[in-house]
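Just so it is clear: chains get the letters A, B, ... in the order the sequence lines come, proteins before strands, and each one is counted from 1.
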Amino acid sequence: MTNSATSLRTHLCGELRTTHIGSTVSVCGWLARRREHGEHLAFFDIRDHSGVIQCVVDRTVDVRSEYVVRITGVVRQRPEGTANDTLPTGEVEIGDCQVEVLNIAEPPPFPVDSRADDVDENVRLRHRYIDIRRERMQRNVRLRAKVNSAIRRAMEEQAFVEVETPFLMPSTPEGAREFLVPSRKEPGSFYALPQSPQLWKQLLMVAGVDRYYQIARCLRDEDLRADRQYEFMQLDAEMSFVTQPDVLAAIGRAVTAAAKAATGEDIPPIEQITWREAMERFGVDKPDLRFGMELVELTDVFAKTEFKAFASAAAIKGIRVDAATYPEQAAWGRGRLDAITDRAKQLGAKGLVWLKVAADGSFESPVAKFISAPETAEIIGRFGAVAGDMILIVADEWSTTCEVLGQLRNDIGRPPVHEGPYRYVWVVEFPLFVGLDPTTGKPRPGHHPFCHPHPDDLALLDTDPLRVRALAYDLVLNGWELGSGSIRIHDPAMQRTVFNKLGISDEEADRRFGFFLQPFRYGAPPHGGFAFGIDRLTAILAGEENIREVIAFPKTQSGLDPMTNAPTKVDPAQLAELGIRVLPPATK
RNA sequence: GGUCCCGUGGUGAAGUUGGAGUUCACGCCGGCCUGUCAAGCCGGAGGUCGCGGGUUCGAGUCCCGUCGGGACCGCCA
């Protein structure tokens with residue numbers, strides 16, 4: 001703060017302390033609040049990004065909410081009994097104030113303080129320049145800058161080189177939907193904005209850059225969510241002559257540095273869990289380790305069951321909503337139970353069985369009569385359930401059972417983002433392929449088709465491709481997927497093999513990925529990399545549920561900007577120059 | 001593409017069984033006030049109940065559509 005002085009100000013509002021008593025100071029800022037006591041005494045709270053200082057004015061001045069002012073006066077101790085211990089500057093005030101109005105202002109559309117947290121977000125976004133004046137938003141904006149800065153420092157200390165990559169690139173239809181940019185010189189042709197710099201960074205490895213990083217803007221034309229915007233920032237990195245542990249260590253240092261810069265706290269070494277274990281125990285590939293309620297295996301319990309819904313199920317698992325930790329949820333009545341059953345069905349389950357543990361150790365449930373006494377005892381035993389607990393069971397394909405329960409576990413037990421410790425975890429050994437493409441009958445890539453298979457599973461490529469693990473990994477924090485990466489295939493023969501499994505012929509590979517594959521014939525080093533989302537990391541470190549709160553000018557869920565009204569219609573002449581004619585909207 | 005919730009002065013809310021644009025708080029404007037601190041007291045202004053249609057003697061309230069916002073599913077290799 002010491003170098004914030006300018007020709008107009010000597011100090012920031014929020015930095016004045018008892019050590020400044022006696023100094024003549026000038027501060028500049030916005031009038032946050034005015035308390036008038038007649039024409040001979042008024043208190044002005046002046047706000048800048050650093051905080052608020054009380055200024056005492058002994059004459060009438062027409063200064064209103066959010067007027068931009070410059071105050072000059074002498075810092076003094078507040079009189080006995082009038083200090084404000086809720087304010088960092090509360091022991092002092094600026095007295096004998098000269099007030100200079102630098103600019104007038106209309107009354108703001110919402111209070112420029114924490115009360116605006118309850119204001120319709122659309123209104124906040126329409127006047128984002130006022131919203132960001134608030135302490136919360138200033139904190140978030142500055143926290144984000146700290147995160148960026150710490151990441152840069154950590155990457156550079158590890159000999160990563162920042163390289164900027166093109167924004168205008170060819171369209172590559174794989175993966176996320178792209179934003180297209182029409183070419184003026186080649187009407188009918190389009191550039192695509194990068195979904196990520198994936199292509200470029202691997203070429204930089206072929207180019208001998210050795211370690212690349214970039215705090216890169218990525219654009220994806222997919223529907224928006226609390227943790228997704230059209231444009232978002234990633235720490236994008238790639239390294240040569242590495243194996244998986246090298247990449248995890250390097251990225252781990254960057255995340256650790258960012259977390260330290262944001263919270264001041266060191267984080268312990270990041271633990272690892274395999275994808276399989278994450279699915280078995282938490283039912284998701286991005287487990288929130290802040291709470292228990294782990295999935296419990298029940299398939300064998302019902303091996304010989306009379307209960308038809310369970311008899312033929314491939315996998316049966318359950319979670320226990322323990323009444324001590326979740327008294328409200330464990331006691332849910334029929335309405336809430338119906339709602340969560342609907343939720344389970346929406347997620348793909350055929351149904352959901354709920355069992356309430358009665359005082360005598362029996363189950364209260366519409367299906368209790370189908371569950372034998374030995375089965376009941378075994379279930380109670382496996383969960384360690386006690387009276388009052390509720391048990392939710394799904395019986396389905398393995399992946400559906402895990403995924404549905406994992407989602408219900410999150411719905412019921414997940415703490416708010418600002419709560420609990422930060423639990424970072426590497427999820428490793430993702431499957432190389434996930435499921436079969438319904439049209440081709442071939443496996444689909446789990447991450448992307450350039451992911452290196454796990455060396456221990458190469459033999460399975462021919463016999464059981466869906467069981468092949470990849471050298472692919474995700475970084476997860478408190479149930480949020482921060483990012484993912486992999487060791488890449490650098491050997492053209494291996495690449496051909498994987499394409500072959502995906503049902504992509506040499507010719508098709510050449511056609512679709514030729515510009516990318518050809519360079520690999522000129523000596524590609526073994527390499528791997530990673531990218532993680534800075535918006536998401538910053539949001540969690542800021543304790544925000546929504547990444548919009550850590551983005552200065554975000555879009556709404558429907559992709560609009562309430563401030564600029566983007567996207568807008570454009571002049572027909574502009575379209576003509578680009579060779580574009582807009583079709584009338586499709587009618588139903 | 002789908003499911004659910006929301007839309008009432010500048011802001012946040014309440015509005016009962018369908019019965020007058022009614023109410024509360026903050027803000028705003030004017031007045032008073034010499035130690036307040038999201039000051040206090042007095043007075044005042046401010047509305048296309050998102051928009052359109054329907055039902056009804058009568059709609060903020062019920063129905064349909066639409067626009068906008070949010071959460072989620074699909075989607076995000």
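A straight line from CD of A:Glu121 to P of B:rU11 spans 15 Å, rounded to a whole angstrom. Taking atom CD of A:Glu178 as the reference point, atom C1' of B:rC75 lies 15 Å away to the nearest angstrom. In this entry the distance linking CD1 of A:Ile46 with C1' of B:rC37 reads 13 Å, nearest Å. With rounding to whole Å, A:Phe110 atom CZ is found 16 Å from B:rG27 atom P. Going from atom CZ of A:Arg33 over to atom C1' of B:rA39 covers 10 Å, rounded to whole Å. Atom NE2 of A:His448 and atom P of B:rC76 are 15 Å apart (whole Å). Between A:Asn84 atom CG and B:rA38 atom P the separation is 7 Å, expressed in whole Å. In this structure, A:Arg126 atom CZ and B:rG10 atom P are separated by 12 Å, rounded to whole Å.
The A:Glu222 side chain lies nearest to B:rC75 when the options are B:rG35, B:rG68, B:rC75. Of the candidates B:rG69, B:rC72, B:rA39, the closest approach to any side-chain atom of A:Arg225 belongs to B:rC72. In this structure, the nucleotide among B:rA38, B:rU36, B:rC76 sitting nearest to the side chain of A:Gln54 is B:rU36. Set against B:rG10, B:rG69, B:rG35, the side chain of A:Pro109 has B:rG10 as its closest nucleotide. Relative to the side chain of A:Arg115, the nucleotides B:rU11, B:rA38, B:rC37 differ in distance, and B:rA38 lies closest. Across B:rU11, B:rG69, B:rC37, the shortest atom-to-atom separation from the side chain of A:Asn122 is found for B:rG69.
Place A:Gly38 and A:Val119 on RNA chain B by their nearest nucleotides, and A:Val119 ends up nearer the 5' end. For the pair A:Arg220 and A:Phe43, both in contact range of RNA chain B, the more 5′-proximal nearest nucleotide belongs to A:Phe43.
Residue A:Asp113 is in base contact, counting any heavy-atom pair closer than 4.0 Å across all strands shown. Among the heavy atoms of the strands lying under 4.0 Å from A:Ser558 are primed sugar atoms or P, OP1, OP2 only; no base atom is included. If you check every strand for non-hydrogen atoms under 4.0 Å, A:Leu560 touches sugar and phosphate atoms only. Residue contacts shown for A:Arg134 are absent, as no nucleic acid heavy atom lies under 4.0 Å away. Using a 4.0 Å heavy-atom cutoff across all strands shown, A:Ala116 reaches no nucleic acid atom at all.
As the counterpart of B:rU36, no nucleotide is assigned, since no Watson-Crick or G-U wobble pattern has both distances under 3.5 Å. Using Watson-Crick or G-U wobble geometry with both donor-acceptor distances under 3.5 Å, B:rC75 finds no partner in any strand shown. The partner of B:rG43, taking Watson-Crick or G-U wobble pairs whose two distances both stay under 3.5 Å, is B:rC29. Nucleotide B:rU66 forms a Watson-Crick or G-U wobble pair with B:rG50, both donor-acceptor distances falling under 3.5 Å.
Distances shorter than 4.0 Å separate none of the side-chain N or O atoms of A:Arg35 from OP1 or OP2 on B:rU36. Contact check, A:Arg536 against B:rC76: no side-chain N or O comes under 4.0 Å of OP1 or OP2. Residue A:Ser65 places at least one side-chain N or O closer than 4.0 Å to OP1 or OP2 of B:rC28. Taking only side-chain nitrogens and oxygens, A:Thr556 comes nearer than 4.0 Å to OP1 or OP2 of B:rG69. One finds no side-chain N or O of A:Gln195 lying less than 4.0 angstrom from the OP1 or OP2 phosphate oxygen of B:rC76. An OP1 or OP2 oxygen of B:rA71 is reached within less than 4.0 angstrom by a side-chain nitrogen or oxygen of A:Asn546. Between A:Arg34 and B:rC28 there is no side-chain N or O to OP1 or OP2 distance below 4.0 Å.
Atom name C1', nucleotides B:rA45 and B:rG27: the rounded distance is 13 Å, in whole Å. For B:rG19 and B:rG31, the P atoms lie 42 Å apart once the distance is rounded to whole Å. Here the separation of B:rU66 from B:rC6, taken at their C1' atoms, is 16 Å to the nearest Å. Using atom C1' as the reference point in both B:rU17 and B:rG10, the two lie 34 Å apart (nearest Å). The separation of B:rG18 from B:rC32, taken at their C1' atoms, amounts to 46 Å, rounded to a whole angstrom. Using atom C1' as the reference point in both B:rG30 and B:rG46, the two lie 14 Å apart (nearest Å). Distance noted for atom C1' between B:rU61 and B:rU22: 13 Å (whole Å). For the C1' atoms, the distance linking B:rG7 with B:rG47 amounts to 15 Å, nearest Å.
Under 3.5 Å, the side chain of A:Glu36 and the base of B:rU36 form no donor-acceptor pair of N or O atoms. Interface remark: the A:Arg228 side chain does form a donor-acceptor pair with the B:rC75 base, using a distance-only criterion of under 3.5 Å. Between the side chain of A:Arg124 and the base of B:rG70 there is no donor-acceptor pair of N/O atoms closer than 3.5 Å. Remark: the A:Asp120 side chain and the B:rG70 base include no donor-acceptor N/O pair separated by less than 3.5 Å. A donor N or O paired with an acceptor N or O is found under 3.5 Å between the base of B:rU36 and the side-chain atoms of A:Arg78. Side-chain N/O atoms of A:Glu93 and base N/O atoms of B:rG35 include a donor-acceptor pair closer than 3.5 Å.
The neighbour count for A:Glu91 CD, taken as heavy atoms of other residues, nucleotides or ligands under 6.0 Å away, does not exceed 12.
An aromatic stacking contact between A:His37 and the base of B:rG35 is absent, as defined here by ring centres under 5.5 Å apart and ring planes under 30° from parallel.
Note on A:Glu507 versus A:Arg511: no salt bridge recorded, every NZ/NE/NH1/NH2 to OD/OE distance being 4.0 Å or above. Ionic pairing of A:Glu231 and A:Arg220 is not present here: no N-O contact between side-chain nitrogen and carboxylate oxygen is shorter than 4.0 angstrom. For the pair A:Lys201 and A:Asp236, the salt-bridge criterion is met [side-chain N within less than 4.0 Å of a carboxylate O]. At a threshold of 4.0 Å, the pair A:Arg467-A:Asp457 does not count as salt-bridged, since none of the basic side-chain nitrogens sits closer than that to a carboxylate oxygen.
No side-chain donor-acceptor contact under 3.5 Å links A:Arg34 to the backbone of A:Phe43. Between the A:Thr341 side chain and the A:Leu337 main chain, a donor and an acceptor come within less than 3.5 Å of each other.
Taking CD1 from A:Ile46 and CG from A:Leu12, the interatomic distance works out to 13.5 Å, rounded to the nearest 0.5 Å.
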Applying ring-ring contact (aromatic ring centres under 6.0 Å, His included), run through A:Tyr191 and A:Phe167 and close with a yes or a no. CA-CA 9 Å; A:Tyr191 301 96; A:Phe167 239 52; over 10 Å; no
